[in-house]
Amino acid sequence: MTILVDKGTRVLIQGITGGAGAFHTRQMMEAGTNVVAGVTPGKSGQKLDDEIPIFDTVAQAKEQTGADAAVIFVPAPFAADAILEAAGAKLALAVCITEGIPTMDMLEVRAALRGGRTKLIGPNCPGLIQPTTSQKLGITPHRVTRPGRIGVISRSGTLTYEAIAQLTDLGLGQSTCIGIGGDPVGGLDFADLLALFEEDPDTDAVVMIGEIGGTAEEKAAAFIAQNIKKPVAAFIAGRTAPPGKRMGHAGAIISGGKGTAADKVAALEAAGVKVSPTPADIGRTLASLL
Amino acid sequence: MKIHEYQAKDIMKAYGIAVPPGEVAFDAEGAEQIARRIVAGSGNTTLAVKAQIHAGGRGKGGGVKIVDGVEAAKAAAESILGMTLVTPQTGPEGKRVERVLLAGGVDIARELYVGLVIDRDARKICLMASTEGGVEIEQVAARTPEKILKQWFDPKAGLRAHQAREIAFGLGLEGKQVGAAVALLQNLAEMFVKEDASLVEINPFVVTGDGLLTVLDAKVNFDDNAGYRQPGHEELRDKTEEDPVEAEAAALGFSYVGMDGDIGCCVNGAGLAMATMDIIKHAGGEPANFLDVGGGADAETVKRAFKIILSDSRVKAIFVNIFGGILRCDVLATGVVGAVDEMGIDVPLVVRLEGTNVEKGREILAGSGLEIRSARDMGEGARLAVELARGGR
């Protein structure tokens, strides 16, 4: 079993004809992803590399190809609408890579998704990669991954690749790795995904990588204490970050004394999570729990 | 993006919210004219003269004066303009005051608090109000959280009248004040959404001796991601409030935050950039900066990044920490070698590469004949950088 996607998931790409969309579609296909369609309004009838049919709308692409998951590379001003289009077509999953979407748009997206079928990953994230099925819905460099039984959840991009590479170097393969994104308001969070990994018979342990800002890690800690029996290792970035400064990610800011790394580490440790002392020890910290 | 109090009040006024009469002045003569207009218009000789800087706690630092009469207002403006104001939020170096707000005095009967924020957990906008106005809301939240009233809403649905009534009654308002507060709160909520705000605060939100509601102090922050559809906001930017290096980095598409240490960092990705600062500290050093050059850095990027890092004269070593995913390590290594060659960098350089084509990248660094230390992992890179910054080379 796997979480969120499986071998049979059929993937469509929104924004497939843009530079990033086309490049990463080819990367995804090289990784083994089952890409069946692309969507760019006004370009129906064309094909990417004479292979992937392009449609005007997500609904058409779904009807013609049976696509059930979307990866979104649409520019920020139009990205929220692209997510809503995927949700309107009742896809099971939308993965939004786009950075720079206004928070107000994401609040509207969250309101619209409530009670619906579509799960959202991102935005401002590297997406999902599932080495056990070779499905990659995003931009994670697949060469650093290896199939295995460790789940990875992270708010970061390159730091996630770093953690995956450390696991791979130790011979610890991954079941599914998900970047949930660095924005203040996004889709699935740590607690949602921890619950899925807990139920997944093919995942033995989970690495979570958090950072300063917000309280998602504290919420995850409370959830772990109550509901998670599998071992969890964590790393929190930003112990040295000054208060009141946005550290690259829109969501990475300590404000009003809230959202510090120290608070998050304390909450996770109190919940029995082993927190890696440095970003170079994430793999070893997880290994020590097995 | 932050703006000044007077700008925040101007926006509120445009959304139908009553604010005391006031205008900004850049010199004492301008202040005098504005003060005269306010007194003539209101018949009230009490005036507030308030330093306009992007930091709170201005009163505590002597940046706010309540005076009687036009002459006194001019004198107060003269003393505040040009002063270096130190408040709990400016840091010990303080901020030079270039603008003052002249505002009509307000007869204060009650000081309340009203604020709007993005509630990241609820994924909604949260309206907060409290009877404890005039103090920082974080203090109220810590000491007496039960005194904070909250209502949540989605941008499209807006703040419903009944939600605004809950707040108005909860604040102990009565009679005509309730209807006035409902209108004000709904206008404020509309403003928050339409202006792509990330924070709006009225603190204190005042009930006057005549029982009217008014805005004594106002704070508005905007969502930087929404700048493309808020063209009017760019005019409100006060460049003197911004760190010049941070602004220069932002113009290049980098994210930079200056720190107090001596090890410059050049990293791709925000999470990895924070983690790099953390591991330098763990190794016993102090980072000079946070620098995220973006997920897909190239050779030209490296050169620009080095220029930004070296604009801080305290930097004694540079630690380049790159995880090459899409970006190939050999391409990056070539970029680093080219930048060092061209720029003649005179501080020790430690480069840690990982990811696609890493072996080739390391070969390029080793074969360059330049003094570039190559580290195999982040831990080793941080230790080397700390050692070299201490002069141990």
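Heavy atoms only: backbone and side chains are in, while hydrogens, waters and symmetry mates are out. Proteins get letters first, then strands, A, B, ... in listed order; numbering begins at 1 in each.
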Problem - B:Lys124, NZ: over 12 other non-hydrogen atoms inside 6.0 angstrom - result: yes
Exercise for the section: Give, for atom CG of A:Leu107 and atom NZ of B:Lys156, the distance between the pair rounded to the nearest 0.5 Å. Expected result: 12.5 Å
Exercise for the section: Would you mind reporting whether B:Arg123 and A:Leu113 have side-chain heavy atoms less than 4.5 Å apart? Expected result: no
Handout entry: Heavy-atom contacts under 4.5 Å, residues 275-282 of chain B to chain A
Key = B:Ala275, B:Met277, B:Asp278, B:Ile279, B:Lys281, B:His282
Fill in the blank from the handout: Scored by heavy-atom pairs under 4.5 Å with chain A, the best of B:Phe192, B:Phe254, B:Tyr256, B:Tyr228 is B:Tyr228
Exercise for the section: Could you tell me which portion of A:Ser156 (side chain, backbone, both or neither) has an atom closer than 4.5 angstrom to a non-hydrogen atom of chain B? Expected result: side chain
Completion exercise
dist B:Ile125:CD1 -> A:Thr103:OG1 (nearest 0.5 Å) comes out at 10.0 Å
Completion exercise
Looking only at A:Gly210, A:Ala165, A:Gly251, A:Pro126, most heavy-atom pairs under 4.5 Å shared with chain B are made by A:Gly251
Problem - Gap between atom CE of A:Met106 and atom CG of B:Asn225 - 0.5 Å precision - result: 11.0 Å
Practice task
Give, as side chain, backbone, both or neither, the part of A:His142 having an atom under 4.5 angstrom from any heavy atom of chain B.
Solution key: neither
Handout entry: Pick from A:Gly248, A:Pro141, A:Pro102 with the largest number of heavy-atom pairs that fall under 4.5 Å of chain B
Key = A:Pro102
Practice task
Count the heavy atoms of every other residue, nucleotide or ligand shown that sit under 6.0 Å from CZ of A:Phe78, and state whether that count exceeds 12.
Solution key: no
Exercise for the section: Please determine if A:Arg114 and B:Asp154 form a salt bridge, counting it only when a charged side-chain N lies under 4.0 Å from a carboxylate O. Expected result: yes
Exercise for the section: Let me know if A:Arg239 has heavy atoms under 4.5 Å from chain B in its side chain, its backbone, both or neither. Expected result: both
Completion exercise
Distance col, row B:Asp377:CG vs A:Gln166:CD, nearest 0.5 angstrom, shows 8.0 Å
Problem - chain B contact via A:Ile101 - which portion, at a heavy-atom distance below 4.5 Å - result: backbone
Problem - Most contacts with chain A, counted as non-hydrogen pairs under 4.5 angstrom, among B:Ser255, B:Gly261, B:Ala197, B:Ala270 - result: B:Ala270
Handout entry: Interface moiety of A:Pro243 toward chain B, non-hydrogen atoms closer than 4.5 Å
Key = neither
Problem - Sub-4.5 Å side-chain heavy-atom contact between A:Thr278 and B:Met378 - result: no
Exercise for the section: Using non-hydrogen atoms and a 4.5 Å limit, figure out which bit of A:Glu162 sits close to chain B: side chain, backbone, both or neither. Expected result: both
Practice task
Measure distances from A:Ile209 to the heavy atoms of chain B and classify the residue's part below 4.5 Å as side chain, backbone, both or neither.
Solution key: neither
Problem - CE on A:Met104 to CD on B:Glu195, rounded to 0.5 Å - result: 10.0 Å
